[in-house]
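Everything on this sheet refers to the single structure shown next.
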Amino acid sequence: MKAAAGMRLLVAVACSAALVVPGASAAAGQPDGLPVDVDTVEVYLLTYEPGDELQTMWGHVALRVRDARTGTDLVFDWGLVDAGNPFALIARFLVGTPTYHLSVQAYSDMVRAYAAESRTFRQERLTLDRLESTRLVHRLAWNARPEHRPYPYDMWRRNCVTQIRDLLDEAVAGRIADRLWATRGNGTRRELLRSALRPWPLVARGLDVVLNAEVDRPLSAWEEVFLPEKLREQLRAVPASADAAAPAASLLGESEPLIAAPGRPRLRRSGGYLVASGLGALAIAGLAHATRLTPRRLNVRIVGAGVFGFGFLSALLGTLMVFAWITSPHTLLHHNANLWLFWPLDWVVAAFGVSLLVKGEPWPSTSRRGRVLHGLIRAHLLAAGAFVTLWALGTIHQAVTPVIVGFVSLAGLVYGSAWRALSGVPGGPTDLSRGPAS
């Protein structure tokens, strides 16, 4: 989602201080509003392409309010958040509810800001009558007041997309909700996230692991509008008028050509290549001990690299899932079936990998740490077998097939390599390059 700089905040404050609505009714409790004439106002949905930063990976949406007669041209953006430290932002998501804000800025300033990031966006005019435009302008003016700009962020139910969806639904007297709640969506939240995150395969796979069965429930069309492209898609299915006799038209008008924001070339993610390289490295680590083509210590170090890589990943994911289960108010991070495979205790496995990698020698199997690692590997292999069995029997309701396919075989390979590195080591090194006895 879009994070704005301090200058944009100043612009937003200046805009809100100057808001005046022609013809607003104070007696009716209507707030002061925008300097527009509702007879000539045009409202556009702006949909932005994903950016290169973590908080912009979903894409983004905003509303543009333009009145050529008065010169008003403002963008209302519910994606303002302090994202200077992405890891701090993730931590706020895990342990609570982060606060996002509405920003209001001149359209020209928005274009310059997105040009600096080399991001493009699409503009589509909303088909609103005078009453609907009046309702929307009044609500936007109310939202622009400083005390109303902050809101508690929820990824699924209250984000920059759903804020716009709800405001438009109020403006058209519930016509959007009536239509979308009665329409079945195109999948589950997990499936929608996988589709949206194709350019970010590592992020997609990480979310696949840490989200539990709550994201596998089928959605209505209303519920799936938490992603920018879904808002565009579903608004096209809503009629522009509640009158059945009115000409057939969509609430969202024709799409204008994509507006290119000139600037530096966008970075292209190579996550797929990183994943493929990592899997290849793990395969090499599992097989290296069986070859005579390299020195023994080099073989041990190759095994250590693979054991460390998978052990670190498993420990990190396991620790994250357990921590979120204990501390997070978000129940979709609780009771995760993938804890059968990823354990916080795997920091021991990662440490063993480091020892192999740095020293080129395994731990003695008779040492305390060697016995602990033996027990941990044995428990891991049993748990992985139970995980696969429960999945095959259909007793796990969480969508874990990608994890089963992508990680269980790797886990067996890595833990088998670690077991072999420890076996037959009463107190000294093992010759991992020695082939089977003849």
Side-chain angles (χ1 to χ4, degrees), residues 90 93-95 188-191 193-194 197 201-217 275 278-279 281-283 285-286 303 306-353 369-423:
I90 292 173
F93 274 100
L94 287 176
V95 301
T188 65
R189 288 190 173 104
R190 189 186 301 276
E191 292 166 344
L193 287 178
R194 285 176 184 165
L197 294 176
L202 296 180
V203 177
R205 185 51 58 89
L207 285 176
D208 234 358
V209 172
V210 302
L211 297 176
N212 65 21
E214 287 190 21
V215 299
D216 296 317
R217 177 179 61 83
V275 172
L279 297 182
L282 289 173
V303 172
V307 171
F308 167 74
F310 190 86
F312 179 82
L313 176 65
S314 181
L316 182 65
L317 291 172
T319 302
L320 179 64
M321 286 188 283
V322 170
F323 176 78
W325 193 345
I326 295 172
T327 64
S328 176
H330 307 299
T331 57
L332 54 85
L333 297 174
H334 299 174
H335 50 79
N336 195 312
N338 290 317
L339 282 168
W340 280 97
L341 188 62
F342 302 108
W343 296 358
L345 293 175
D346 287 336
W347 294 113
V348 176
V349 178
F352 179 62
R369 57 185 179 176
R371 292 194 300 270
V372 169
L373 183 59
H374 255 141
L376 180 60
I377 293 173
R378 186 182 297 111
H380 247 307
L381 294 174
L382 291 173
F387 187 31
V388 173
T389 301
L390 293 173
W391 166 73
L393 294 174
T395 57
I396 295 179
H397 302 295
Q398 183 175 326
V400 296
T401 301
V403 174
I404 294 285
V405 173
F407 288 105
V408 170
S409 59
L410 283 174
L413 184 67
V414 170
Y415 294 132
S417 299
W419 181 279
R420 178 157 180 167
L422 278 171
S423 63

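In this chain, residues are counted from 1 in sequence order.
Of the inter-residue distances, the one linking Leu341 atom CG with Ile404 atom CD1 reads 7.5 Å to the nearest 0.5 angstrom. Distance check: Arg420 CZ to Ile377 CD1 gives 13.5 Å after rounding to the nearest 0.5 Å.
Not counting sequence neighbours, the partners of Phe312 by the side chain to side chain contact (heavy atoms under 4.5 Å, CB included) test are Phe308, Leu316, Trp347, Ala350. Residues satisfying the side chain to side chain contact (heavy atoms under 4.5 Å, CB included) criterion with Leu313, sequence neighbours excluded, are Leu317, Phe407. With sequence neighbours left out, the side chain to side chain donor-acceptor pair (under 3.5 Å) criterion links Asn336 to Asn338, Gln398. Annotation: ring-ring contact (aromatic ring centres under 6.0 Å, His included) contacts of Tyr415 (sequence neighbours excluded): Phe310, His380. By the salt bridge (charged side-chain N to carboxylate O under 4.0 Å, His left out) test, Asp216 pairs with Arg190, sequence neighbours left out. With sequence neighbours excluded, no residue forms a salt bridge (charged side-chain N to carboxylate O under 4.0 Å, His left out) with Arg369. With sequence neighbours excluded, no residue forms a side chain to side chain donor-acceptor pair (under 3.5 Å) with Thr395. Residues passing the side chain to side chain contact (heavy atoms under 4.5 Å, CB included) test with Glu191, sequence neighbours excluded: Thr188. With sequence neighbours excluded, the residues satisfying side chain to side chain contact (heavy atoms under 4.5 Å, CB included) with Ala204 are Leu197. Applying the side chain to side chain donor-acceptor pair (under 3.5 Å) test to Arg205 and every residue at least two apart in sequence or in another chain returns nothing.
Contact of the Leu339 side chain with the Val322 side chain is registered, since non-hydrogen atoms from C-beta on lie closer than 4.5 Å. Put simply, the side chain of Arg217 reaches to within 4.5 Å of the side chain of Arg189, judged on heavy atoms.
Annotation: side-chain hydrogen bond (donor to acceptor under 3.5 Å, both in side chains) contacts involving residues 383-394, sequence neighbours excluded, comprise Trp391-Thr401.
For the pair Glu214 and Leu332, the tightest heavy-atom approach, listed with the atom from each and the gap, is OE1-N, 3.6 Å. Among all heavy-atom pairs drawn from Ser409 and Val405, the shortest one is OG-O, 4.0 Å. Listed here is the closest heavy atom pair of Arg194 and Pro402: NH2-CG, 3.3 Å. Minimum interatomic distance between Trp340 and Ala386 (heavy atoms only, all atoms of both residues): CZ3-CB, 3.6 Å. Residues Ile396 and Ala337 approach most closely at CG2-CB, 3.8 Å, considering heavy atoms. Heavy atoms only, all atoms of each residue included: Asp346 and Ala315 are closest at C-CB, 3.6 Å.
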After noting the C-alpha distance and the side-chain angles of Trp343 and Val349, does the key distance pass the side-chain contact (heavy atoms from CB on, under 4.5 Å) rule?
CA-CA 10 Å; Trp343 296 358; Val349 178; over 6 Å; no

Report the C-alpha distance between Leu320 and Phe342 in whole Å, list the side-chain angles of each, state the deciding distance to 0.1 Å, and finish with yes or no for side-chain contact (heavy atoms from CB on, under 4.5 Å).
CA-CA 10 Å; Leu320 179 64; Phe342 302 108; over 6 Å; no

Quick one, Leu373 with Trp419, criterion side-chain contact (heavy atoms from CB on, under 4.5 Å). Give me CA distance, side-chain angles, the key distance, then yes/no.
CA-CA 8 Å; Leu373 183 59; Trp419 181 279; over 6 Å; no

Using the side-chain contact (heavy atoms from CB on, under 4.5 Å) rule, take Leu333 and Asn212 through it: C-alpha gap first, then chi angles, then the decisive distance, then the call.
CA-CA 6 Å; Leu333 297 174; Asn212 65 21; 5.9 Å; no

